[in-house]
Amino acid sequence: MAFTKDSEIKIKEDIFWIGGDDRTAGLFEGSFPIPEGVSYNSYVILDEKTCLLDTCDISISAKFWRNLRHALDGRKLDYLVIDHMEPDHGAAIVQVIETYPDVIVVGNSKTFDMLDNFYQLKPANKLEVKEGDVLCLGKHTLKFVFAVMVHWPEVMFVYDEKDRILFSADAFGTFKTLSGALYSDEIDFDRDYLDEARRYYANIVGKYGSKVQAVFNKLENVPIDMICPLHGPIWRGENIGYIMEKYILWSTYEPEEKGVVIAYTSMYGNTAAVADKLALMLKAKGVENVTMHDVTRVHPSYVVGDAFRFSNIVLAAPTYNNNLHPTMSAVLEDMEIMTVQNRKFSVIGNGSWAPQSPKIIEERLSAMKNMTKVGETFVIKSSMRPEQLPELEKLAEDIVASMQ
C-alpha cells in the first residue's frame, strides 16, 4: 500500500483512492443500521488529463478535500465522472465544480437530470456519454458501461482499458468501515465482512437481480484485474472471482448454502419458545446452519440478508389486533420489496382465540416468486401444549428432508 502526502493511497502508478470511513452515522439511507459504519470511496486518475471518479458523502467531505488536493498536487481537474448520483457520493459535486470551474462533468442524460433535481445545477461544461462511449485521458482510456437500476437508473460503470480496472459504482460494495484495510485480500472477508456485504446487496440491490445479470453479460469477455466500488474494500487478483461468484448467486436468487433462518416475534415469550425448540430440533437432526432473529429487536434488513443466504426460511409470529404482529409484517414487507424468491418456507403462528397470523404469513410468502412451502403450518393457541411436540418434530423432519 503506497501512501502519499495525506491519506490518499496509490492503487496504481497514477490512480489514487481518496475515500474515507464514517463511524458516526447510525443509519444508512435513513433506514439500515450500520453499527460498524461505512466507507465512501472516490478515485483520481492523474494522466495527461486528470479525472475524478465520483465525490463523497458530507460526513467525510473534509477528508475528501484534503486528499483530492494532495493527489492533484497543484494540477487542475479536467474531468469529473459521475457514476452514481446518490447524495452519499455526490455531496461534493457542487463544490468541485465551483472550485474547478473549467472541469468537464461526465455523465449520461439521466445523470444531468438528477443534477438539476438535487442541486438545481446545469453544468456549463459537460460531456454526455452513451453506452460504450470512451474518454481518452492519455495513457488511460475509460469506457462507459451502463448499469441501469443497479441500483438507480443513471448508474454507470467505468472500465479503464489500460489497467483493466472496473469502477463499479455501488455494485460489489459492503456496509462496514475499511479500518485501514483497503483491499479485500488484506482481511478475512468471510469472517469480518461477508454478512455485511450480503446484507448490503440484499437490501440495496437485491430486487434488481435481472439488471445485475444484464451488466454481467456486458462484461462477460472483459478482462478485469481490479474492481473499485464506492463502498467497501477494493477487489483484485483471485479475489475478483470470489465476489463475482457471490453476485451470481445473489442476483439469480440461488441460496449460498443449505441452512435455516428462523425469524420470530413474540409478545410474552410463547412464540419464541416454539422457535427455540424448533432450532434445537433442527440442530439435533444435523442441520449445521441455523440462525435466529428476534425481529422485535433486529432490523428487517438482517432477516432479508439471511433470506438471500439460506435455502430455508421459517417465520413465527403471534396474532395482533386480529392481524399479523407489526414487527413481522415489516419483515415480510421488506422481503416482498427486495423480491426474496426461490426459497423453501415454513410457518409458525400463534393466536389466543383467533390465530390469524399463520394464514397471513403463508399467504404473503406464497405470493412471492418460486416459494415452496415445507411441512404443515404449526399453530399454537397462547402456548404450546406437550402433545404438540410430535407435530413440531414432524415439521423439523420435513425441513431437514427438504434440504437433501
Side-chain angles (χ1 to χ4, degrees), residues 8-20 39-47 49-57 64 67-68 71 77-86 88-90 92-93 96 103-108 110-111 127 129-152 154-174 178 182-184 197 200 204-205 211-212 215-216 218-219 222-237 239-240 243-244 247:
E8 71 270 27
I9 298 174
K10 183 183 290 188
I11 61 174
K12 286 292 182 181
E13 178 186 0
D14 51 5
I15 303 179
F16 297 81
W17 170 88
I18 59 166
S39 66
Y40 298 103
N41 304 330
S42 302
Y43 306 92
V44 174
I45 301 174
L46 302 181
D47 202 336
K49 300 288 187 178
T50 60
C51 181
L52 170 64
L53 293 109
D54 294 290
T55 65
C56 66
D57 184 73
F64 166 83
N67 291 343
L68 177 60
L77 182 63
D78 295 300
Y79 293 101
L80 165 61
V81 174
I82 302 174
D83 290 320
H84 185 21
M85 264 301 302
E86 204 164 3
D88 60 332
H89 307 297
I93 289 174
V96 166
V103 69
I104 297 173
V105 181
V106 183
N108 57 62
K110 290 185 174 62
T111 307
L127 174 62
V129 295
K130 295 180 173 60
E131 175 79 47
D133 283 355
V134 296
L135 173 63
C136 183
L137 304 177
K139 293 181 292 184
H140 294 269
T141 297
L142 306 182
K143 184 174 183 179
F144 299 94
V145 180
F146 282 24
V148 177
M149 296 315 301
V150 185
H151 61 120
W152 277 25
E154 88 301 353
V155 173
M156 304 187 301
F157 293 175
V158 173
Y159 178 69
D160 172 25
E161 295 180 348
K162 175 182 179 293
D163 288 323
R164 308 206 301 192
I165 298 175
L166 183 69
F167 296 94
S168 63
D170 267 354
F172 307 108
T174 178
L178 294 172
L182 183 59
Y183 298 100
S184 64
Y200 173 90
I204 304 299
V205 187
K211 304 300 184 182
V212 174
V215 179
F216 276 1
K218 296 178 186 179
L219 299 171
V222 176
I224 300 172
D225 292 339
M226 184 178 286
I227 298 176
C228 293
L230 291 177
H231 299 288
I234 292 172
W235 297 88
R236 61 185 178 183
N239 277 22
I240 290 174
I243 194 62
M244 286 286 192
Y247 261 61

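Of all heavy-atom pairs spanning Val81 and Val158, the tightest one is CG1-CG2, 3.9 Å. When all heavy atoms of Pro229 and Ala171 are compared, the pair lying nearest together is CB-O, 3.4 Å. Between Ile234 and Ile227 the shortest heavy-atom distance is CG2-O, 3.4 Å. Minimum interatomic distance between Ser42 and Cys56 (heavy atoms only, all atoms of both residues): OG-N, 4.2 Å. In plain terms, the two heavy atoms of Thr141 and Cys136 that are nearest each other are OG1-SG, 4.2 Å. Here the shortest heavy-atom pairing between Met85 and Glu154 reads N-OE2, 2.6 Å.
With sequence neighbours excluded, no residue forms a side chain to side chain donor-acceptor pair (under 3.5 Å) with Thr55. With sequence neighbours excluded, no residue forms a ring pair (Phe, Tyr, Trp, His ring centres under 6.0 Å) with Phe64. A search for salt bridge (Lys or Arg N to Asp or Glu O under 4.0 Å) contacts involving Glu131 returns Lys218, not counting sequence neighbours. A search for ring pair (Phe, Tyr, Trp, His ring centres under 6.0 Å) contacts involving His140 returns nothing, not counting sequence neighbours. For Asp78, the side-chain contact (heavy atoms from CB on, under 4.5 Å) partners are Lys49, Thr50, Lys76, not counting sequence neighbours. For Phe167, the ring pair (Phe, Tyr, Trp, His ring centres under 6.0 Å) partners two or more places apart in sequence, or in a different chain, are Tyr43. In this structure, the side-chain contact (heavy atoms from CB on, under 4.5 Å) partners of Thr174, at least two apart in sequence or on a different chain, are Tyr193, Glu196, Ala197, Pro233. In terms of the side-chain contact (heavy atoms from CB on, under 4.5 Å) criterion, residue partners of Met149 (sequence neighbours excluded) are, by chain and number, Pro153, Tyr208, Lys211. Take Asp47 and apply the salt bridge (Lys or Arg N to Asp or Glu O under 4.0 Å) test, not counting sequence neighbours, and it matches no residue. For Tyr159, there are no ring pair (Phe, Tyr, Trp, His ring centres under 6.0 Å) partners, not counting sequence neighbours. Take Val148 and apply the side-chain contact (heavy atoms from CB on, under 4.5 Å) test, not counting sequence neighbours, and it matches Phe146.
Among residue pairs with one or both ends in residues 164-173, those qualifying as salt bridge (Lys or Arg N to Asp or Glu O under 4.0 Å) are Arg164-Asp225; sequence neighbours excluded.
The distance from atom OG of Ser168 to atom NE2 of His231, rounded to the nearest 0.5 Å, is 10.5 Å. If you take CG on Leu142 and OH on Tyr79, they are separated by 9.5 Å, rounding to the nearest 0.5 Å. Atoms CD1 and CD1, from Ile240 and Ile243 in turn, are 10.5 Å apart once rounded to the nearest 0.5 Å. Atoms CG and CG, on Leu77 and Leu52 in that order, are 5.5 Å from each other to the nearest 0.5 Å. Rounding to the nearest 0.5 angstrom, the gap separating the CG atom in Asn41 from the CG atom in Leu178 is 6.0 Å.
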Pair Phe172-Met244, side chain to side chain contact (heavy atoms under 4.5 Å, CB included): steps then yes or no:
CA-CA 8 Å; Phe172 307 108; Met244 286 286 192; 3.9 Å; yes
Does Trp17 form a side chain to side chain contact (heavy atoms under 4.5 Å, CB included) with Glu8? I'd like the steps, not just the answer.
CA-CA 6 Å; Trp17 170 88; Glu8 71 270 27; 5.8 Å; no
What verdict does the side-chain hydrogen bond (donor to acceptor under 3.5 Å, both in side chains) test give for His89 and Asp83, after you've listed the backbone C-alpha separation in whole Å, the side-chain angles of each residue and the deciding distance to 0.1 Å?
CA-CA 9 Å; His89 307 297; Asp83 290 320; over 6 Å; no
Could you please spell out the steps behind the side chain to side chain contact (heavy atoms under 4.5 Å, CB included) verdict for Val106 and Ile82?
CA-CA 6 Å; Val106 183; Ile82 302 174; over 6 Å; no
Chi angles and distances behind the side chain to side chain contact (heavy atoms under 4.5 Å, CB included) call for Lys139, Glu13
CA-CA 11 Å; Lys139 293 181 292 184; Glu13 178 186 0; 4.3 Å; yes
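Side-chain atoms of Asp163 do not come within 3.5 Å of backbone N or O of Ile165 as any donor-acceptor pair. Side-chain atoms of Asp133 come within 3.5 Å of backbone N or O of Lys130 as a donor-acceptor pair. Ser39 contributes no side-chain N or O that, together with a main-chain N or O of Gly20, makes up a donor-acceptor pair within less than 3.5 Å.
The closest side-chain heavy-atom distance from Ile11 to Phe16 is not below 4.5 Å. With contacts defined as side-chain heavy-atom distances shorter than 4.5 Å, the pair Lys110/Met156 does not qualify. Using a 4.5 Å heavy-atom threshold, the side chains of Leu135 and Leu127 count as touching. Counting heavy atoms from C-beta outward, Asn108 and Thr111 have side chains that approach closer than 4.5 Å. Residues Asp54 and Leu230 are in side-chain contact: their nearest non-hydrogen atoms beyond the backbone lie under 4.5 Å apart.
A side chain to side chain contact (heavy atoms under 4.5 Å, CB included) with Ile15 is found for one member of Leu46, Val44, Leu53, Asp160 and no other, namely Asp160.
The 12-atom threshold is exceeded at NZ of Lys162, counting heavy atoms of other residues, nucleotides or ligands nearer than 6.0 Å.
Aromatic ring orientation, His151 versus His84: perpendicular (interplanar angle above 60°, classes split at 30° and 60°).
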